Amino acid sequence: MAKYQAEQPEDCCPARRRGRPVQMDHDAREAAILDAAHELMMEQGFDRVTMAGIARRAGMSKRTLYEYFDGQEALLGQVIARLSASFFRPLPAEDADKPLAERLRFLLTFNKPHGTDQQKREFMRTIIARAQTYPTLARELVQNGHERIVGYVLVELRREIAAGRLRLSEERAALAAKVLVSMVFEDPIPCLLDAGRPEATPEQRAERRDLAISLFLNGCSV
């Protein structure tokens, strides 16, 4: 028995309590892996997360992780995709007939992720610094964050153009959506460069959002 214990790999599952082991289906196990990776990324920073550490936090073996993900970049890419997808919510079907300003206010409300401001800034700094090394991770953040919200806004602008309520051509709708999103959200670079710079409060973000929407609609409405 002692010999068997000595041969256990470092990343094996921690000792479980006696009794029937808890069974998890495929989706639940994958979610547990992603949750563990997310926690470690926020706690330790991107560069210090390892597959062994994720396995220990999830209570699984490294072998199990590789059954679900091709490697560390693929796993962390899924974490980033899931995290960034939660930043903005799609418009509920029941709100489709509300005035455009109300629909845009909903779409352009940023859902702040859990964690301290310092943790989130360090996470963003690391992703930017390692974008060339891990291009998939950087691409996931862009596609599931910025490009997702631009897409949501573009759908609503096209609806208004089709109804004749916006002075915009279909050819310029995509550019207009990007401009509006840029107006609403503050450039993050100053905050990333200045560690002591305070983040905007929810009230300040809402004020900027509403002003940007008002300026945009005043310039484009028929």
Side-chain angles (χ1 to χ4, degrees), residues 34 37-38 41-42 45-46 73-92 95 100-161 166 168-194 197-202 204-217 219-220:
L34 293 174
H38 181 195
M41 286 173 67
M42 298 305 295
F46 173 76
E73 185 174 7
L75 196 166
L76 297 183
Q78 285 297 310
V79 174
I80 291 174
R82 189 176 68 163
L83 175 63
S84 54
S86 70
F87 293 165
F88 302 102
R89 294 173 293 170
L91 188 71
D95 292 344
L100 178 59
E102 291 186 35
R103 302 194 319 258
L104 291 176
R105 277 196 291 273
F106 178 90
L107 292 173
L108 292 166
T109 296
F110 179 70
N111 299 301
K112 196 172 181 180
H114 295 296
T116 66
D117 291 345
Q118 185 61 31
Q119 285 176 324
K120 292 190 287 289
R121 288 181 182 179
E122 289 304 318
F123 175 76
M124 289 297 298
R125 288 191 185 101
T126 305
I127 289 292
I128 292 172
R130 303 296 297 276
Q132 290 185 325
T133 305
Y134 297 107
T136 301
L137 300 184
R139 194 177 303 117
E140 288 285 357
L141 188 61
V142 173
Q143 291 176 345
N144 289 286
H146 182 268
E147 292 182 7
R148 181 183 294 267
I149 183 56
V150 169
Y152 289 159
V153 171
L154 179 56
V155 168
E156 301 308 316
L157 296 188
R158 283 176 169 163
R159 287 181 59 202
E160 295 298 300
I161 292 171
L166 281 184
L168 279 173
S169 65
E170 173 62 29
E171 293 75 16
R172 303 191 71 184
L175 178 58
K178 292 178 182 178
V179 169
L180 176 55
V181 171
S182 295
M183 290 169 63
V184 170
F185 297 106
E186 185 178 3
D187 180 2
I189 298 301
C191 287
L192 294 175
L193 293 176
D194 183 358
R197 185 185 181 96
E199 284 196 359
T201 65
Q204 290 171 330
R205 287 195 294 269
E207 181 181 13
R208 179 183 176 116
R209 178 203 61 201
D210 294 347
L211 178 59
I213 292 172
S214 177
L215 292 174
F216 178 85
L217 293 183
C220 297

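The first residue in the sequence is number 1, and the count goes up from there. This structure is a prediction, so every number in the text was calculated from the model and none was measured.
For Arg159, the CZ atom sits in a packed shell: over 12 heavy atoms of surrounding residues, nucleotides or ligands are nearer than 6.0 Å.
Contact record, Ala173 with Arg158: CB-CG, 4.3 Å, taken as the closest heavy-atom pair. Here the shortest heavy-atom pairing between Val184 and Ala212 reads CG2-CB, 3.7 Å. Closest heavy-atom contact between Leu217 and Ala101: CD1-CB, 3.8 Å. Shown here for Leu75 and Ala37, the closest heavy-atom pair between the two residues is CD2-CB, 3.5 Å.
Note that the CZ atom of Arg89 and the CZ atom of Phe106 stand 4.0 Å from one another [nearest 0.5 Å]. Atoms OG and CE, on Ser214 and Met183 in that order, are 9.0 Å from each other to the nearest 0.5 Å. Note that CG of Leu154 and CD of Glu147 are 12.0 Å apart. Values are rounded to the nearest 0.5 Å. To the nearest 0.5 Å, atoms CD1 (Ile80) and NE2 (His38) are separated by 10.0 Å. Interatomic distance, CD1 of Ile149 versus CG of Leu108, reported as 5.0 Å (0.5 Å rounding). Atoms CG and CZ, from Leu180 and Arg209 in turn, are 11.5 Å apart once rounded to the nearest 0.5 Å.
Side chain of Thr109 to main chain of Arg105: a donor-acceptor pair is present (N/O by atom type, distance under 3.5 Å, no hydrogens or angles).
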Take Leu34 and Gln78 through the side-chain contact (heavy atoms from CB on, under 4.5 Å) test and state the conclusion after the steps. CA-CA 7 Å; Leu34 293 174; Gln78 285 297 310; 3.8 Å; yes

Report the C-alpha distance between Glu160 and Arg103 in whole Å, list the side-chain angles of each, state the deciding distance to 0.1 Å, and finish with yes or no for side-chain contact (heavy atoms from CB on, under 4.5 Å). CA-CA 11 Å; Glu160 295 298 300; Arg103 302 194 319 258; 2.9 Å; yes

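Side-chain contact between Leu157 and Phe216 is present, with at least one heavy-atom pair separated by less than 4.5 Å. Here the side chains of Val155 and Leu91 are not in contact, with every heavy-atom distance at 4.5 Å or above. Annotation: side chain of Glu207 is not in contact with side chain of Leu211 (no heavy-atom distance under 4.5 Å).
Aromatic rings of Phe185 and Phe87 (six-membered ring for Trp) have centroids beyond the 6.0 Å cut-off, not under it.
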